[in-house]
Amino acid sequence: MTTSTLRTPGHTEGVHRPGRWLALSVLVLAVLLVAVDATVLGLATPFLSEDLEPTGTQLLWIGDVYSFVIAGLLVSMGSLGDRVGRKKLLLVGATAFGAVSVLNAYATSPEMMILARALLGVAGATLMPSTLALIRNLFHDPRERSLAIGIWGAMASAGAAVGPVVGGFLLEHFWWGSVFLINLPVMAVLVLVGVRLIPESKNPRPGPWDLPSVGLSLVGMIGVVYAIKETASHGFSLDAALAGLAGAAGLGWFVRRQLTLPAPLLDMRLFRHRGFSAAVLADLLTILGLSGLVFFLSQFFQLVQGRQPLEAGLAELPAAVGAVTAGLVAGRAARRFSVRSVVATGLGAVGLALAVLTTLGRTTGYPLLGASLLVVGVGAGLAFTVTADVILSSVPKEQAGSASAVSETAYELGAALGIAVLGSIVTGVYRDFVTPAGVPGPTAAAAHESLGGAVEASAGLAPGTANALVGAAQEAFVDGLRIAAGVGAAVLLATAVAAWFLLKGQRLEDGSGH
């Protein structure tokens with residue numbers, strides 16, 4: 001498939017569907033909630049730990065199982081939507097998401113909480129690809145569709161930054177379960193409005209849903225994401241290596257199976273399209289830069305600069321503002337200039353903002369940090385929105401669900417890699433800090449686990465020794481953050497150059513015929 005095969009809209013003349021913008025507003029609210037749910041739990045963890053008393057391993061699974069399951073099921077659910085109907089899958093998923101949110105809010109044991117988070121991940125996986133695929137069906141005019149995808153992309157990007165703000169506000173006023181109950185009214189509105197305003201769409205000749213492929217996709221993605229996260233959190237281990245190998249083998253087998261099936265879960269031939277492959281790679285690395293930065297600056301604001309959770313969440317809002325603003329104009333900019341210039345500029349902006357953070361210090365003022373977050377948000381909004389549009393318009397309409405799932409999978413993998421790759425650098429540098437004299441062995445061991453551990457461990461020490469320990473730990477964390485920012489900057493700037501060449505000649509569909 002080449003850029004010349006992209007369809008012009010002349011034959012779909014897209015009757016402008018009434019209520020399409022209201023339908024879109026509900027779809028993007030669902031996307032925002034799914035993205036928020038991935039980050040909102042972080043702030044609630046101390047309260048949840050006090051209530052449910054999970055072990056360290058159980059706590060890790062409570063935090064991670066949601067994103068593991070989403071990453072593992074996105075491709076399968078996108079393909080299922082193509083087969084049974086995207087509207088039907090969306091409404092079932094929204095209903096399940098609301099119901100399982102109640103189960104999360106009122107969980108009474110760590111085991112129940114892990115199961116509830118996993119089920120929430122299943123429901124989330126049905127929502128994400130369906131929303132983007134339905135946008136393809138709601139908006140026939142390519143210019144309108146670009147704006148709609150811009151709004152969708154902005155909400156997906158903003159979710160990571162909005163999560164801490166929402167969580168901080170709720171936790172200051174209510175109990176930890178409230179961070180899940182906010183999902184209920186939104187999902188109720190989605191179902192009520194969706195039934196009336198969202199049109200059904202599916203592949204007219206879908207073929208069977210291949211269950212072995214579903215299993216391979218799930219095993220492959222969960223294995224790879226688990227290995228990345230484990231290595232980032234605890235360094236290299238045999239468990240993580242085996243999980244990574246099993247995941248890679250599962251994905252390799254999945255790819256081979258797709259190439260032999262007459263109706264594959266994911267048509268691997270899509271990746272022969274240079275623009276499609278380049279857009280997926282740019283997607284992944286944009287989110288890598290955004291999520292890695294937001295995750296570590298959240299810790300920096302709270303544990304190094306001493307801000308409260310709500311204040312730290314608000315400090316990260318420029319990233320959301322930048323992503324929303326850029327997402328709204330990205331499609332117009334890509335038509336006015338070119339796809340490759342907008343994507344390369346976006347990636348370059350994220351890279352330069354990360355490069356600025358190599359100058360970070362413990363007392364760095366907020367203007368520099370806020371400006372960096374704003375630039376990262378603008379860059380991510382430009383690149384992520386245009387690449388999502390390229391991915392969606394590079395495939396036949398019947399495969400919109402599968403293509404959307406590829407875009408979403410790139411998003412989830414990018415988020416996991418951002419935290420993991422940059423995290424392993426931060427953790428590696430942090431663990432080497434020199435313990436001040438007078439700190440007992442067990443306290444020093446706890447302090448070297450994490451910056452949060454150092455702050456907690458220092459509570460039992462004399463004031464002078466405690467300050468020296470926390471100061472040394474904070475300095476080591478900032479050193480690691482500077483190096484991670486430098487590596488992230490190099491990756492993003494190199495990707496910007498690659499995108500400039502790989503997206504040459506790529507165009508968004510033009511709706512001027514309307």
Side-chain angles (χ1 to χ4, degrees), residues 33-74 76-77 92-128 163 166-167 170-171 174-184 187 214-215 217-234 237-240 242-244 246-247 250 295 412 415-416 419-420 446 449-450 452-453 456:
L33 269 190
V34 173
V36 163
D37 262 59
T39 57
V40 76
L41 192 69
L43 292 174
T45 298
F47 305 93
L48 186 150
S49 299
E50 195 178 314
D51 236 10
L52 303 183
E53 298 179 355
T55 65
T57 305
Q58 286 174 329
L59 196 58
L60 280 175
W61 278 105
I62 288 170
D64 291 340
V65 73
Y66 176 77
S67 54
F68 286 169
V69 173
I70 282 190
L73 283 176
L74 278 169
S76 301
M77 290 302 182
V92 169
T95 305
F97 201 88
V100 177
S101 293
V102 177
L103 189 64
N104 277 264
Y106 293 102
T108 54
S109 70
E111 294 82 5
M112 184 177 171
M113 190 68 192
I114 292 167
L115 175 64
R117 289 286 287 167
L119 291 173
L120 200 65
V122 175
T126 66
L127 290 171
M128 296 294 270
V166 173
L170 290 171
L171 291 167
F174 307 100
W175 105 111
W176 61 263
S178 61
V179 301
F180 297 107
L181 294 183
I182 55 163
N183 298 335
L184 289 175
M187 291 303 161
V214 174
S217 165
L218 188 63
V219 169
M221 289 298 297
I222 288 181
V224 169
V225 174
Y226 174 80
I228 292 167
K229 287 197 170 191
E230 274 295 293
T231 304
S233 303
H234 304 106
S237 70
L238 185 60
D239 282 358
L242 290 174
F295 180 79
E412 287 297 326
I419 293 167
E449 280 298 309
S450 69
E456 281 182 38

message: To the closest 0.5 Å, what do you measure between CG (Leu184) and CZ (Phe97)?
response: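 Nearest 0.5 Å value for the CG-CZ distance: 10.0 Å.
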- prompt: Should Asn104 and Arg117 count as side-chain neighbours, where that means a heavy-atom distance under 4.5 Å?
  reply: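 Heavy-atom side-chain distance check passes, below 4.5 Å.
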- prompt: Would Val92 and Thr126 satisfy side-chain contact (heavy atoms from CB on, under 4.5 Å), going step by step from the backbone distance to the final call?
  reply: CA-CA 8 Å; Val92 169; Thr126 66; over 6 Å; no
Pairing residues for Val122 by the side-chain contact (heavy atoms from CB on, under 4.5 Å) criterion, not counting sequence neighbours: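 Residues passing side-chain contact (heavy atoms from CB on, under 4.5 Å) with Val122: Val69, Leu73, Met77.
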Listed partners of Ala96 passing side-chain contact (heavy atoms from CB on, under 4.5 Å), at least two apart: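 Only Ala123 meet the side-chain contact (heavy atoms from CB on, under 4.5 Å) criterion with Ala96.
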Output side-chain donor-acceptor pairs under 3.5 Å for residues 105-116, partner residues at least two apart or in another chain, one line each.
residue, atom, partner, partner atom, Å
Ser109, OG, Met112, N, 3.1
Glu111, OE2, Gln58, NE2, 3.1

